[in-house]
Peer 1: 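One structure, pasted below without further comment.
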Amino acid sequence: MVAGAFPLAKLLTLGARQLSRPLAARIKAGARASPFFRTYILLPPPAAGGCSLTASCASVYHWVEMRTKMRLLGFRGAAVKPLNEEAAAELGAELLGEALVFGVGGLCLYLEYLRQAGQSRRREEHLEQTLGDLRRGLEQLQRDLEELRAQGHA
């Protein structure tokens, strides 16, 4: 069996991407149930001084999404209603799961790029070595030819 005929790296990449989906679902479920995650990551406490600008990732995402939808529908000055704690936790967990899946996919793409670049570099080095061997062989043949010509003139 030819080693390059079965793309093992591509199979492993696909497997990693497929395994990341259930892993993301478990992390999302754990994030929804974890008080630490809800308190400090999804719904961070306000900064010192009670600054209301501190918002969770989910709240910022919701605000941007709603503003975009309103602008597309032609509403320019409408205020966006903030998410309640439960909805923000749900949306934040969903965003975390999607970020995990996309992160694993991006990592797989990067690793595949490195693998392909390594193969290309090895192929080029092999071609350079072959070309060097051919040049050395040609030089040796030219020396042998010169010796034969010198012997023929003598």
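Side chains included, hydrogens not; waters and symmetry mates left out as well; all remaining heavy atoms used. These numbers come from a predicted model, not from an experiment.
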Peer 1: Give every residue pair that meets the side-chain hydrogen bond (donor to acceptor under 3.5 Å, both in side chains) criterion with at least one member in residues 145-154, sequence neighbours excluded.
Peer 2: none

Peer 1: Applying the 4.5 Å side-chain criterion to the ILVMFWY set and letting contacts propagate, would F75 and M66 be lumped into a single cluster?
Peer 2: yes

Peer 1: Salt bridge between R121 and E124, side-chain N to carboxylate O under 4.0 Å?
Peer 2: no

Peer 1: Applying side chain to side chain contact (heavy atoms under 4.5 Å, CB included), can you list everything that pairs with E98, at least two apart in sequence or on another chain?
Peer 2: E94, F102

Peer 1: Side chain of S120, backbone of Q116: donor and acceptor closer than 3.5 Å?
Peer 2: no

Peer 1: Not counting sequence neighbours, which residues clear salt bridge (Lys or Arg N to Asp or Glu O under 4.0 Å) with D133? List them please.
Peer 2: R136

Peer 1: To the nearest 0.5 Å, how far apart are OG1 in T130 and CG in L134?
Peer 2: 7.0 Å

Peer 1: Do W63 and M70 share a hydrophobic cluster, counting only Ile, Leu, Val, Met, Phe, Trp and Tyr and linking them when any side-chain heavy atoms are less than 4.5 Å apart?
Peer 2: yes

Peer 1: Just checking, any donor-acceptor pair under 3.5 angstrom between side chains of Q140 and R143?
Peer 2: yes

Peer 1: Should R122 and Q119 count as side-chain neighbours, where that means a heavy-atom distance under 4.5 Å?
Peer 2: yes

Peer 1: Atom CG of L131 and atom CG of L127: how far apart are they, to the nearest 0.5 Å?
Peer 2: 8.5 Å

Peer 1: Check the surroundings of atom CZ in R26: do more than 12 heavy atoms from other residues, nucleotides or ligands lie under 6.0 Å from it?
Peer 2: no

Peer 1: Can you tell whether the side chains of R135 and E139 come within less than 4.0 Å, N to carboxylate O?
Peer 2: no

